[in-house]
Amino acid sequence: RRTGLLVREAAALATPGAVVVDLCCGTGAVAAALAAAVPGIVLHAADLDPAAVRCARGNLPGVPVHEGDLFAALPGELSG
């Protein structure tokens with residue numbers, strides 16, 4: 001239930017073209033649900049666990065999935 005609430009709240013705030021980052025993405029379920037709910041968002045995902053990153057990459061085709069610790073995993077252009 002909490003995950004569904006998170007997706008609904010994020011979808012209410014996101015608009016096409018918005019940059020959205022799913023930190024600690026795990027398998028990418030939240031990112032996938034948000035991408036389905038708000039087409040046109042610029043989505044990135046990140047996780048520290050290499051197995052989770054591999055899984056998320058399989059579940060999020062076309063979405064950059066970064067491996068590393070929280071914000072440090074993200075490319076510099078997303079800073080700020």
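The first residue of the sequence shown is numbered 1, and numbering continues consecutively from there.
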Within this structure, what is the [atom1]-[atom2] distance for the pair [X] and [Y], rounded to the nearest 0.5 Å?
X	Y	atom1	atom2	value
R57	E67	CZ	CD	6.5 Å
L5	R1	CG	CZ	11.5 Å
L23	D47	CG	CG	9.5 Å

Side chain to side chain contact (heavy atoms under 4.5 Å, CB included) involving D69 - partner list, sequence neighbours excluded: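 D69 satisfies side chain to side chain contact (heavy atoms under 4.5 Å, CB included) with L48 only.
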Could you list the residues that satisfy side chain to side chain contact (heavy atoms under 4.5 Å, CB included) with V63, not counting sequence neighbours? L43, L60
Heavy-atom closest contact ([X] atom, [Y] atom, distance):
X	Y	value
A14	V38	O-CG1, 3.9 Å
H66	A73	CB-O, 3.2 Å
G28	A56	N-CB, 4.1 Å

Using the rule that Ile, Leu, Val, Met, Phe, Trp and Tyr join whenever any side-chain heavy atoms are under 4.5 Å apart, tell me whether V42 and V20 fall into a single cluster.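 No.
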Kindly indicate, with the supporting measurements, whether the criterion side chain to side chain contact (heavy atoms under 4.5 Å, CB included) is fulfilled by L78 and H44. CA-CA 9 Å; L78 292 180; H44 288 260; 3.6 Å; yes
Heavy-atom side-chain proximity of V30 to V7 below 4.5 angstrom: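 When only atoms from C-beta onward are counted, V7 and V30 do touch, with a gap below 4.5 Å.
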Stepwise side chain to side chain contact (heavy atoms under 4.5 Å, CB included) test for L34 and I41: CA-CA 9 Å; L34 191 55; I41 59 173; 4.0 Å; yes
